[in-house]
2 protein chains.
Amino acid sequence: MDATTTELSASLEDYLEAIYQVIAERGEARAKDISVRLGVAASSVTNALQGLVKRELVQHAPYDQIALTEQGEQIARNVVRRHEVLTDFFTDVLSVDPDTAATAACKIEHVVGDTIVERLVEYIKYDQRCNHGGATWVEGKGFVCRNALDTRALCDECTAQGFCRFLGPPTEEGA
Amino acid sequence: MDATTTELSASLEDYLEAIYQVIAERGEARAKDISVRLGVAASSVTNALQGLVKRELVQHAPYDQIALTEQGEQIARNVVRRHEVLTDFFTDVLSVDPDTAATAACKIEHVVGDTIVERLVEYIKYDQRCNHGGATWVEGKGFVCRNALDTRALCDECTAQGFCRFLGPPTEEGA
DNA sequence: CAACATTGTTAGCCTTGTCTAAAAAGGCTT
DNA sequence: AAGCCTTTTTAGACAAGGCTAACAATGTTG
């Protein structure tokens, strides 16, 4: 089995993520921590660890601590990043409540590809920097652009400057 | 087994979706169509059908056509809807290319919850109706609000009207 | 209507991932 | 160092879902 090529299952990604986070929080990770965090039987952890060790993503001698290999840590970081990006997007852009956002991110993080994630990152940045673009969720009304809520103040400023003040002057690409 | 309560696996959702689409396209569905569409062995289809029949989501006598029950069709429609919403969001809002969008939607449709889907719907609507809010992906630049691309025309209009012209006047909720 | 091609089903195997129960290892505590 | 409690591992079962190979039904066509 080629460890570098094989796609990792959602389940194994979850283990990797949990290991990474426990190490980050506690300094070290033991099987118990993982089983508690994932709500899974201890034997399931042993089982998963064997798979991860075989793939060289984890270092683990029986009855000992759990550590990530270089490779494993990289994958874990990636999963965490996807999780964070999704969470941020759901809460900041879509104004979804934190619990729902977290739950959704936990599932989607295992299936979303890089292209989408990077676009989401850009979209979040856009939403943060541009008072034109940023919309706000208003219950019973849908998404409303901030200009519509903040009186005309921003629009005046926009006109005065002739461009979106956070992006620089208009480009020639415009219609 | 309580057919109404049990969560459906991603795999069975895929079968349901395929059956729905084949019926929509061809008027009827047979096992072969499904195996071809999903790229799966014929026996896998038989197998899945048994599960779906047991759950009363599909009607199917051996060697006969495949039909959806009321229940099954409802679930199928739901999956299709999630797929479409995701695809639209990825292409229209995030400007991701159609292939990537479709691939991502195929996977995410099985794990995304209703709350997020409905927010995405609203966001797409917002993006379509509000020239303030709508952003456009510009390669090498990120998302740029349409105002920044379209010269100041829209901004002038915005100022003249004092509000986002697609949403009505500013509300008191504004800061 | 009989032969053959296509389609569908069955049977049996494999992998992944979970569980429980039982055994083994480690670590405290006296 | 002996005993006890916790943690880990092993062993074995099970469900899902996929595959191949073999068999059965259907249907088409001389």
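Proteins get letters first, then strands, A, B, ... in listed order; numbering begins at 1 in each.
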Are any of B:Y63's side-chain N or O atoms less than 4.0 Å away from OP1 or OP2 of C:dT6? no
Taking only the side-chain nitrogens and oxygens of A:S44, find out if one of them lies under 4.0 Å from OP1 or OP2 of C:dT18. no
All side-chain contact (heavy atoms from CB on, under 4.5 Å) counterparts of B:S43, not counting sequence neighbours: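 Residues passing side-chain contact (heavy atoms from CB on, under 4.5 Å) with B:S43: B:A41.
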Given atom NE2 of A:H60 and atom P of C:dA25, what is their separation to the nearest angstrom?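 Nearest whole value for this atom pair: 14 Å.
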Axial bend angle, the helix from C:dC1-D:dG30 to C:dT30-D:dA1: five-pair end segments, nearest 10°: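 For the helix from C:dC1-D:dG30 to C:dT30-D:dA1, the axes at either end differ by 10°.
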Should B:T69 and B:R55 count as side-chain neighbours, where that means a heavy-atom distance under 4.5 Å? no
Determine whether B:Y20 and B:L16 make a side-chain contact, defined as any pair of heavy atoms from C-beta on separated by less than 4.5 Å.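 Side-chain contact under 4.5 Å: no.
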Using the test salt bridge (charged side-chain N to carboxylate O under 4.0 Å, His left out), find all partners of A:E84 that sit at least two apart in sequence or belong to another chain.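 Per chain and number, A:E84 pairs via salt bridge (charged side-chain N to carboxylate O under 4.0 Å, His left out) with no residue.
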Could you work out, with salt bridge (charged side-chain N to carboxylate O under 4.0 Å, His left out) as the rule, every residue matching B:D33, not counting sequence neighbours? B:R26
If you count every heavy atom of other residues, nucleotides or ligands that lies below 6.0 Å from A:D114 atom CG, does the total exceed 12?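 Open.
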Within a 6.0 Å radius of atom CD on B:Q74, are there more than 12 heavy atoms belonging to other residues, nucleotides or ligands? no
Counting only non-hydrogen atoms, which of residues 19-38 of chain A are less than 4.0 Å from DNA chain D?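 Output list: A:R30, A:A31, A:K32.
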Could A:R119 and A:E122 be called an ion pair, given the rule that one side-chain N must be under 4.0 Å from one carboxylate O?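 No.
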Under 3.5 Å between N/O atoms: give me all the protein pairs with nucleotides 10-15 of chain D, atom names plus distance.
unit_1 : atom_1 : unit_2 : atom_2 : d
D:dT10 : OP2    : A:Q50  : NE2    : 2.9

